[in-house]
Amino acid sequence: QVRLEDSGGGWVQPGGSLRLSCLVSGGDFSDADVAWFRQNPGKEYEFVAMISRFGDYTPYAPAVMGRFTISRDNAKNSVYLQMDNLRPSDTAVYYCAAKFGGLPTMAQKGYPYWGQGTQVTVSS
């Protein structure tokens, strides 16, 4: 049974940083593409970033490019999202999601496995 545990959210002032973590268990992590999405109440999921199984493909949403960095540690079955220079508009619940096999995708529907979400709040 595949399970994702995302963590690392919290409150931070504008300009601050947070690092989100996603631990993947129950599957072959080396075959996993992992993405981060975010969602605000009443809105659809928004793609943030993803990292391919080989770590060589890392697309970002335009809104976070240059401020967020996604990485993976296969030895720890984990993916990280380093978020710097945070803005109030980054406030959301952040979810990691995983898929095994197939082509990389930024589409929410392409990911069958999801974490429980971690709240990120950016305000002064």
Visitor: Ignoring hydrogens, what is the shortest heavy-atom contact between Ala63 and Arg87? Give both atom names and the distance.
Guide: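 For Ala63 versus Arg87, the nearest heavy atoms are O-NH1, 4.0 Å.
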Visitor: To the nearest 0.5 Å, what is the distance between CG on Leu81 and OG1 on Thr69?
Guide: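 Rounded to the nearest 0.5 Å, the CG-OG1 separation comes out at 8.0 Å.
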Visitor: Flag this pair as yes if the NZ/CZ of Arg53 is under 6.0 angstrom from the six-membered ring centre of Phe100 and inside a 45 degree cone about the axis; otherwise no.
Guide: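 Output no; distance or angle outside limits.
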Visitor: Assess the residue pair Ile51 and Val79 against the criterion (side chain to side chain contact (heavy atoms under 4.5 Å, CB included)); give the C-alpha distance rounded to whole Å, side-chain angles, the decisive distance to 0.1 Å, and a yes or no.
Guide: CA-CA 8 Å; Ile51 187 163; Val79 169; 4.1 Å; yes
Visitor: Does the side chain to side chain donor-acceptor pair (under 3.5 Å) test come out yes or no for Asn74 and Ser30, once each step is laid out?
Guide: CA-CA 7 Å; Asn74 284 0; Ser30 65; over 6 Å; no
Visitor: Considering only heavy atoms from C-beta outward, does the side chain of Val120 approach that of Met83 to under 4.5 Å?
Guide: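 The answer is yes; the side chains approach within 4.5 Å.
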Visitor: What is the distance from atom CG of Leu86 to atom OG of Ser123, rounded to the nearest 0.5 Å?
Guide: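 The distance works out to 11.5 Å.
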Visitor: Please confirm whether the backbone N or O of Thr105 pairs with a side-chain atom of Tyr111, one donor and one acceptor, at under 3.5 Å?
Guide: yes
Visitor: Rounded to the nearest 0.5 Å, what's the gap from CG on Asn40 to OG1 on Thr91? Could you check?
Guide: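 Answer for the CG-OG1 pair, Asn40 versus Thr91, is 7.0 Å.
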Visitor: Of all the heavy-atom pairs spanning Ser124 and Pro14, show the shortest one and how long it is.
Guide: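 Smallest heavy-atom distance, with atoms named: N-CD, 3.8 Å.
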Visitor: With a 4.5 Å heavy-atom cut-off, do Met106 and Pro59 have their side chains touching?
Guide: yes
Visitor: Do Arg3 and Val24 have side-chain heavy atoms sitting under 4.5 Å apart?
Guide: no
Visitor: What are the two closest heavy atoms between Asn85 and Ser17, and how far apart are they?
Guide: N-OG, 4.3 Å
Visitor: Is there side-chain contact between Gln82 and Leu20, with heavy atoms separated by less than 4.5 Å?
Guide: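 No - every pair of side-chain heavy atoms lies 4.5 Å or more apart.
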Visitor: About how many Å separate OG of Ser52 and CZ of Arg72, when rounded to the nearest 0.5 Å?
Guide: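 If we round to the nearest 0.5 Å, Arg72:CZ and Ser52:OG are 7.0 Å apart.
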Visitor: Is the Trp36 to Phe68 ring centre distance short of 6.0 Å?
Guide: no
Visitor: Which value, rounded to the nearest 0.5 Å, describes the distance between Arg38 atom CZ and Thr118 atom OG1?
Guide: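 Taking CZ in Arg38 and OG1 in Thr118, the distance rounds to 14.0 Å.
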Visitor: Taking the ring centre of each residue, are Phe47 and Tyr60 less than 6.0 Å apart?
Guide: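 Between Tyr60 and Phe47, which both carry aromatic rings, the centre distance is not below 6.0 Å.
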Visitor: Please give me the minimum heavy-atom distance between Ala92 and Gln39, naming the atom from each residue.
Guide: CB-O, 3.6 Å
Visitor: Which pair of non-hydrogen atoms, one from Val64 and one from Val48, has the smallest distance, and what is that distance?
Guide: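 Taking Val64 first and Val48 second, the nearest heavy atoms are CG2-O, 3.6 Å.
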Visitor: Please determine whether side chain to side chain contact (heavy atoms under 4.5 Å, CB included) holds for the pair Leu23 and Leu4, giving the CA-CA distance in whole Å, both sets of side-chain angles, and the decisive distance to 0.1 Å.
Guide: CA-CA 6 Å; Leu23 174 64; Leu4 275 66; over 6 Å; no
Visitor: Donor-acceptor pair, Asp6 side chain versus Cys96 backbone, under 3.5 Å?
Guide: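 At least one qualifying donor-acceptor pair exists.
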Visitor: Kindly confirm or rule out a cation-pi arrangement of Arg19 over Tyr80, judged by NZ or CZ under 6.0 Å from the six-membered ring centre and within 45° of its axis?
Guide: yes
Visitor: Mind checking whether Trp114 and Tyr45 have parallel, tilted or perpendicular rings, split at 30° and 60°?
Guide: tilted
Visitor: Looking at every heavy atom in both Val34 and Cys22, which two are closest together, and how far apart are they?
Guide: CG1-SG, 4.4 Å
Visitor: Rounded to the nearest 0.5 Å, what separation is found between the CE atom of Met50 and the CZ atom of Phe37?
Guide: 9.0 Å
Visitor: Hydrophobic clusters here meaning ILVMFWY residues chained together by side-chain heavy-atom distances under 4.5 Å, can you tell me if Leu18 and Met65 are in one?
Guide: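 As far as the 4.5 Å side-chain criterion goes, Met65 and Leu18 are connected within one cluster.
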Visitor: Flag yes if Phe29 and Ile70 sit in one hydrophobic cluster, no otherwise; membership is Ile, Leu, Val, Met, Phe, Trp, Tyr, and two members link when side-chain heavy atoms are under 4.5 Å apart.
Guide: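 Same cluster: Phe29 reaches Ile70 through Ile, Leu, Val, Met, Phe, Trp or Tyr contacts under 4.5 Å.
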Visitor: Could you tell me whether the side chain of Ser21 reaches within less than 4.5 Å of the side chain of Ser7, counting heavy atoms only?
Guide: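 Yes, at least one pair of side-chain atoms sits under 4.5 Å.
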